[in-house]
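Side chains are part of it too, since the values below use all heavy atoms of this structure and drop only hydrogens, waters and symmetry mates. Each chain gets a letter, A, B and so on, in the order the sequences are listed, and its residues count up from 1.
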Amino acid sequence: VGKETSQRLGIEGVQEIKEWLEATTRFAFTYTVYDSEPMCTVICQNGDAKALDLEGNTTSNPKRPISVECKKYSTVGDQASEFRKFLAIAYSSTAKAIAEKGGDWQREFMWVTYHPFAQTNWKNLLTLSYMKGCVEEHKALLGGEAIDDDLLSTVASRTWVMVVQQRQVGIRLSKDELAVVNTALVHGGFQK
Amino acid sequence: VTTFAEQIAAALDIDDAVAAGERVHRVVMDEIVDLDPSVKPTATGYFNHSYVPDLVVEWKEGSKTASRPIYLRHSLRSSRASGDLENLAHADKSGLFLSLSPEEPEDETRLARRAVEINAQSRTLITTVPAIDELSKPVGAPDPVLGIVKASVVRSAKGFFVEDDVEKLVLPRDRRIEGADLEAFSSTVAASFSEEAVFKINRVVRIVEQALSDNPDAGQILESGSLSQSEIRELVPYLLGLDGVTQSRDFWLSVARLISLEEIERQWGTFAELDLTPLASAGSSVWRATRAQLALRADSIDDDDFDMTPKWAVTGRTLSAEVGNWLLTFAYAGTKIKTAGRASTPARWTDLQAALAGYTVTAVDLSGVVTQSAYGAVEAADMKSRVDAFIEGADDSFHIPSVTVATGAGDDAAVLKADFTEMMVLATPSTTVDNLTKVALNVLGYRYPTDVKDVHELLTAVRTDDVDATDDAGPERD
């Protein structure tokens, strides 16, 4: 088990992203990687364990699990190659879960970064062909299994890329405001 | 028996994060209710969310519902990173932040403690599972001080405490404390609870102190106000079962003053199976009720080994007393003892003469024809002579379903209707339990008069062979 060590966000930074995403009312996170690495870990087809930063679920009905990886790059750095590996992990762990649990876990994968990357390729990042390239690049993760194009396209549709800026995170509603919003949403029948 | 900390660890030991949350919520809710049975926790469905609490506990405060949000955090470090300490700066925040971690690094506890120290007015509580574990360790013998401390945590604890602090809070465990221990206990209580809870805890400390004193000083406990549900639950059964507890009527009277019959009826389960005699004999002079029903005591009353000692208890959700041939039940709320068209035999006027001596009769139901004084109870003319005149003209066997007498004066004035067909005394407005007792026994129970010594013992818990009948068993005079 190895936490991605490059440009990792500290515990306060991860908590801030957690709070920012929860402020949308669309997500609820139960663990950060600092709380429990095993609970934030997904397993690839070759048995490699990858710990991501946040473990949680959507607040939709039914709930879907979501893993979030947060990056605090201040330059382009090696983010593009890290992201390519992230996509391969998303695909391989989903394939592994289907093979093991006999059903699709419908997990969403979100990449949150403070710095844009791969700008020439930006509009292709979540296309089938780009994703296939990433998976082929990290073939070892597949443990010898063939690539399933249908699943590739499904995983691509469940993958998020969010580029944030500190002020954008800062304009989220405060916890006190959100408590009011949440009460109103529950009262209005929008949340349980 | 597994500890709270072990149960938390077991609940979290599962791959699925959502299931882990549900399991941990159940364990925490059980623990909360164990600590304080008067609160009701509800899970929100969120686990470790940044602004939605995991649980909300609710409880009654008079007619209002009060609540406190509970936030579960994986560690003090995680709690601090999510900004929980900022709540301490806001006096209106009352959240309870519970770290689930089995241990915390010392620098984290130091940071939390410092944040609490500079925000002494805060109502927020930051604590840990091992601290709660320490608090809920089983005790050899129940101790009401420890009991009230535990019962106050969920609603009223504030600041920051870990095991070391809780060790001071549980000093009363299994023994009475003095000296340095008492000081450590008192200062930790003062730092860890709301002002109101500190007052209640100290009141329990003082009551227990006086209960065991050779010369109890009722002045030490006489406070206005009333005991809360938790205080009653922790204190009253303990005092009544305490070896060597004082017999001082002043002591029991001052405790009784802090409890009402209404509260006893509400919490009847706490009092069931207890011999309430020392408390209720004193309480009878201050507790107010609106109804008393009279019934014959148990069938086994004729057995040689039947214990004829007058005594008090709570049976069938109401206060009751056994004395002589009678079982009395009392109710503050009319709904607790209902009239039911029992159609018992009305009384013969001539048989009642002795029983009514000394009472001012304000109304008599002459089988449907109510004869009533035209004045209020206080200045009411005694009806007896008018009834006498009426009955003289009727036949000897004239029966009356009810007779109403006036007792007391000023704020204590009440009219009590003794209804022979229901075997019930109904007071308007409420009156003291001892007043109801006397009217019930003297007037309703005229067929089997009760020994004045027994009545005296019932109302004072003292057996004496030298009782002045008019003082202790007779009607109250203005």
Side-chain angles (χ1 to χ4, degrees), chain A residues 9-25 27-43 49 52 54-59 61-67 97 100-101 105 107 172-183 185-186 191-192, chain B residues 8-9 11-25 42-54 56 67-69 71-95 97 99-102 104-105 107-108 111 124:
Chain A
L9 213 48
I11 184 169
E12 269 83 10
V14 170
Q15 284 287 353
E16 189 172 40
I17 295 299
K18 175 181 189 285
E19 201 183 308
W20 171 64
L21 289 172
E22 285 178 342
T24 65
T25 78
F27 306 98
F29 296 97
T30 49
Y31 287 86
T32 72
V33 70
Y34 296 97
D35 298 327
S36 167
E37 211 168 279
M39 292 305 268
C40 295
T41 294
V42 295
I43 312 286
L52 303 170
L54 287 172
E55 166 65 29
N57 49 266
T58 63
T59 56
N61 188 16
K63 293 174 181 171
R64 291 189 309 279
I66 179 165
S67 293
E100 263 188 8
K101 301 184 184 188
W105 65 356
R107 181 172 290 269
R172 68 186 183 278
L173 293 179
S174 72
K175 288 179 186 175
D176 288 345
E177 289 166 333
L178 284 161
V180 176
V181 169
N182 197 58
T183 304
L185 287 174
V186 171
Q191 306 251 318
K192 80 175 176 65
Chain B
I8 291 289
L12 291 172
D13 188 17
I14 184 174
D15 292 346
D16 184 336
V18 174
E22 287 166 1
R23 286 154 50 124
V24 97
H25 287 158
T42 312
T44 60
Y46 289 85
F47 177 34
N48 185 37
H49 194 273
S50 53
Y51 61 89
V52 183
D54 288 74
V56 176
S67 68
R68 183 173 209 182
Y71 300 84
L72 303 186
R73 297 296 186 234
H74 292 295
S75 65
L76 288 179
R77 176 77 186 96
S78 183
S79 183
R80 182 163 64 86
S82 66
D84 296 343
L85 295 182
E86 287 156 26
N87 286 281
L88 293 165
H90 303 274
D92 59 324
K93 299 277 179 64
S94 65
F97 294 87
S99 163
L100 301 174
S101 177
E104 312 284 354
D107 54 337
E108 282 305 324
L111 284 169
T124 296

Between [X] and chain B, with a heavy-atom cut-off of 4.5 Å, which part of the residue counts as in contact: side chain, backbone, both or neither?
{"X": "A:A28", "answer": "both"}
{"X": "A:S36", "answer": "neither"}
{"X": "A:T183", "answer": "neither"}
{"X": "A:F29", "answer": "backbone"}

Could you go through B:E104 and B:S99, starting from their C-alpha distance and side-chain angles, then the distance that decides it, and tell me whether this counts as side chain to side chain donor-acceptor pair (under 3.5 Å)? CA-CA 9 Å; B:E104 312 284 354; B:S99 163; 2.5 Å; yes

More than 12 heavy atoms of other groups within 6.0 Å of B:D15 CG: no

Pick one of side chain, backbone, both or neither for B:R77, based on which atoms fall under 4.5 Å of a heavy atom in chain A. both

Side chain, backbone, both or neither: which part of B:I14 has an atom under 4.5 Å from a heavy atom of chain A? backbone

Are the charged groups of A:K175 and A:E19 less than 4.0 angstrom apart, N to O? yes

Between A:R107 and A:E55 (salt bridge meaning N to carboxylate O under 4.0 Å), is one present in this structure? yes

Among the options B:E86, B:H90, B:K93, pick out the one with the most heavy-atom pairs lying under 4.5 Å from chain A. B:K93

Hey, what's the ring geometry for B:F97 with B:Y71, parallel, tilted or perpendicular (30° and 60° as the breaks)? parallel

Specify whether A:Y31 and B:H74 have parallel, tilted or perpendicular ring planes, treating 30° as the upper limit for parallel and 60° as the lower limit for perpendicular. parallel

